[in-house]
Amino acid sequence: MGSKISRVNITEEIYRIVKEDILSHKLKSGEKINIDQLARNLEVSNIPIREALSRLQSEGFIHVIPFKGMFVNMMSLKDLNELYEIRMQLEPLAVEKATNHLPAEVLENLQVTMDSLLNNPSTPSANGLDIIDEMNNSIHGTILSYCDNTNLQNLVRGYMEQIQRYLTFIQITLDVDTTNVEWSEHQAILQKLRDRDPQGAAAAMTVHLRNSQQRTNEFFVRTGA
């Protein structure tokens, strides 16, 4: 962190910078956040920094230890599983609500994107995290955009970001078989959306999230975390 703040909304920009540093692990799990140093680096007062950190605390990225300061939340298998547990309750609802709101042209564009991922010859050797990002943005992101519930959107996106922190930490590189499994699970969701089958789409989402949880658990354990 060394960027000078120049935007009008100082608190929002500080929030963005610190959050990115947490997600990219520039600020590591368990690390204390030095508010005074952060203020000097960004050339701002402590007030907007504390406001931004308070927002990050409410989103589950940092916590306060009385008389000691603010710290980046630790990562653990228990926390990871709790995040997936919540997503498995919320995202089937989101996809069920979105099924009949998604325009046909949006669904066709999603299929084009999925086909390009399957047919891209560089995919097997690509960084698995990039592939997951592309699928998540395409399928999960679009579903949230059309679920017609702003609070649900915000909740799910928040939990997805927290899981993204784990994925960045373990730096997944997927083999061909696992990449194909990821693609097939997302394609199954998309096919139910194209069929206008809300219950089927919700069931396919549940299957995908359960399998994703198992895969991420295995990768996280391999890191020795």
Side-chain angles (χ1 to χ4, degrees), residues 1-91 93-94 129 132-133 136-137 140-141 144 149-172 209 212-225:
M1 290 178 293
S3 306
K4 181 179 178 180
I5 298 294
S6 58
R7 295 176 62 178
V8 175
N9 193 335
I10 295 175
T11 300
E12 181 67 26
E13 182 68 359
I14 295 169
Y15 163 83
R16 184 194 63 77
I17 290 171
V18 177
K19 186 176 187 178
E20 177 57 34
D21 283 351
I22 292 172
L23 291 174
S24 65
H25 302 281
K26 290 180 183 178
L27 281 170
K28 301 184 185 304
S29 176
E31 182 175 343
K32 182 178 180 179
I33 298 174
N34 190 324
I35 294 176
D36 292 335
Q37 184 62 53
L38 185 56
R40 287 192 293 271
N41 290 345
L42 299 178
E43 300 182 14
V44 298
S45 72
N46 286 5
I47 294 174
I49 290 178
R50 291 186 182 280
E51 291 173 348
L53 294 180
S54 178
R55 181 176 170 188
L56 288 166
Q57 181 184 5
S58 71
E59 293 180 357
F61 289 104
I62 65 176
H63 67 280
V64 176
I65 298 179
F67 308 112
K68 291 187 177 180
M70 306 189 89
F71 296 81
V72 178
N73 276 352
M74 297 291 291
M75 295 188 297
S76 68
L77 202 58
K78 180 177 183 296
D79 179 62
L80 177 61
N81 286 326
E82 287 177 354
L83 294 171
Y84 269 107
E85 183 178 25
I86 297 170
R87 281 186 67 184
M88 278 189 277
Q89 293 299 315
L90 297 181
E91 281 195 80
L93 172 62
L129 189 57
I132 290 174
D133 278 345
N136 284 345
N137 290 333
H140 297 267
L144 291 176
N149 187 320
T150 302
N151 287 295
L152 182 58
Q153 290 174 11
N154 293 336
L155 282 171
V156 173
R157 286 191 174 118
Y159 292 121
M160 289 178 66
E161 285 182 332
Q162 290 193 57
I163 290 176
Q164 183 69 17
R165 182 178 169 222
Y166 283 84
L167 298 179
T168 305
F169 176 72
I170 58 185
Q171 286 294 310
I172 294 177
L209 290 173
S212 178
Q213 178 184 10
Q214 181 178 349
R215 287 190 292 267
T216 308
N217 266 250
E218 291 173 356
F219 283 116
F220 187 59
V221 170
R222 286 180 198 174
T223 67

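Each residue takes its place number in the sequence, starting with 1. Values reported hereafter were calculated over all heavy atoms of this structure, with side chains retained and with hydrogens, waters and symmetry mates removed.
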Just verifying a value: how many Å separate [X] [atom1] and [Y] [atom2], rounded to the nearest 0.5 Å?
X: T223; Y: I170; atom1: OG1; atom2: CD1; value: 7.0 Å
X: T216; Y: L209; atom1: OG1; atom2: CG; value: 10.0 Å
X: Q37; Y: I49; atom1: CD; atom2: CD1; value: 10.0 Å
X: Q214; Y: N81; atom1: CD; atom2: CG; value: 11.0 Å
X: I22; Y: E31; atom1: CD1; atom2: CD; value: 9.5 Å
X: S212; Y: N136; atom1: OG; atom2: CG; value: 7.5 Å

- prompt: Around Q89, counting heavy atoms of other residues, nucleotides and ligands shown, do more than 12 lie under 6.0 Å from its CD?
  reply: no

message: Taking CD1 in I47 as the centre, count heavy atoms belonging to other residues, nucleotides or ligands within less than 6.0 Å. Is the count above 12?
response: no

- prompt: Could you go step by step and tell me if Q164 and D133 meet the side chain to side chain donor-acceptor pair (under 3.5 Å) rule?
  reply: CA-CA 9 Å; Q164 183 69 17; D133 278 345; 3.0 Å; yes

message: On the six-membered ring of Y159, is R87 placed so that its NZ or CZ lies under 6.0 angstrom from the centre and within 45° of the ring axis?
response: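 That pair does not qualify as a cation-pi contact.
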
- prompt: Could you go step by step and tell me if N217 and Y84 meet the side chain to side chain donor-acceptor pair (under 3.5 Å) rule?
  reply: CA-CA 10 Å; N217 266 250; Y84 269 107; over 6 Å; no

field: Criterion side chain to side chain donor-acceptor pair (under 3.5 Å) on E91 and H140, from CA distance to verdict
entry: CA-CA 8 Å; E91 281 195 80; H140 297 267; 2.8 Å; yes

- request: Go through M75 and L80 one step at a time and tell me if the side chain to side chain contact (heavy atoms under 4.5 Å, CB included) criterion holds.
  value: CA-CA 7 Å; M75 295 188 297; L80 177 61; over 6 Å; no

- request: Could you tell me whether a side-chain N or O of Y15 sits under 3.5 Å from a main-chain N or O of S54, the two making a donor and an acceptor?
  value: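 A pair under 3.5 Å: no.
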
- request: Check whether any side-chain N or O of N73 sits under 3.5 Å from a backbone N or O of G60 as a donor-acceptor pair, and report yes or no.
  value: yes

field: Evaluation steps, side chain to side chain donor-acceptor pair (under 3.5 Å), between N149 and Q153
entry: CA-CA 6 Å; N149 187 320; Q153 290 174 11; over 6 Å; no

task: Quick one: do R55 and E59 satisfy salt bridge (Lys or Arg N to Asp or Glu O under 4.0 Å)? Show the steps, please.
output: CA-CA 6 Å; R55 181 176 170 188; E59 293 180 357; 3.6 Å; yes

query: Does a side-chain heavy-atom distance below 4.5 Å link M160 with L144?
result: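 Yes - at least one pair of side-chain heavy atoms lies under 4.5 Å apart.
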
query: Is there a side-chain contact between V64 and F71, using heavy atoms and a 4.5 Å cut-off?
result: no

message: Please determine whether side chain to side chain contact (heavy atoms under 4.5 Å, CB included) holds for the pair E161 and K19, giving the CA-CA distance in whole Å, both sets of side-chain angles, and the decisive distance to 0.1 Å.
response: CA-CA 10 Å; E161 285 182 332; K19 186 176 187 178; 2.5 Å; yes

Which pair of heavy atoms, one from [X] and one from [Y], lies closest together, and at what distance?
X: T168; Y: S24; answer: CG2-CA, 4.3 Å
X: S29; Y: M74; answer: OG-CA, 3.1 Å
X: K28; Y: V72; answer: O-CB, 3.3 Å

message: Could you go through K68 and K32, starting from their C-alpha distance and side-chain angles, then the distance that decides it, and tell me whether this counts as side chain to side chain contact (heavy atoms under 4.5 Å, CB included)?
response: CA-CA 9 Å; K68 291 187 177 180; K32 182 178 180 179; 5.6 Å; no

- request: Check the pair V18, F61 against side chain to side chain contact (heavy atoms under 4.5 Å, CB included), reporting the backbone distance first and the verdict last.
  value: CA-CA 10 Å; V18 177; F61 289 104; over 6 Å; no

- request: Start with the C-alpha distance between R16 and E13, add both sets of side-chain angles, then the distance that settles salt bridge (Lys or Arg N to Asp or Glu O under 4.0 Å), and finish with yes or no.
  value: CA-CA 5 Å; R16 184 194 63 77; E13 182 68 359; 2.7 Å; yes

- request: Give the ring-plane orientation class for H25 versus F169, where under 30° counts as parallel, over 60° as perpendicular and anything between as tilted.
  value: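 Geometry flag for F169 against H25: tilted rings.
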
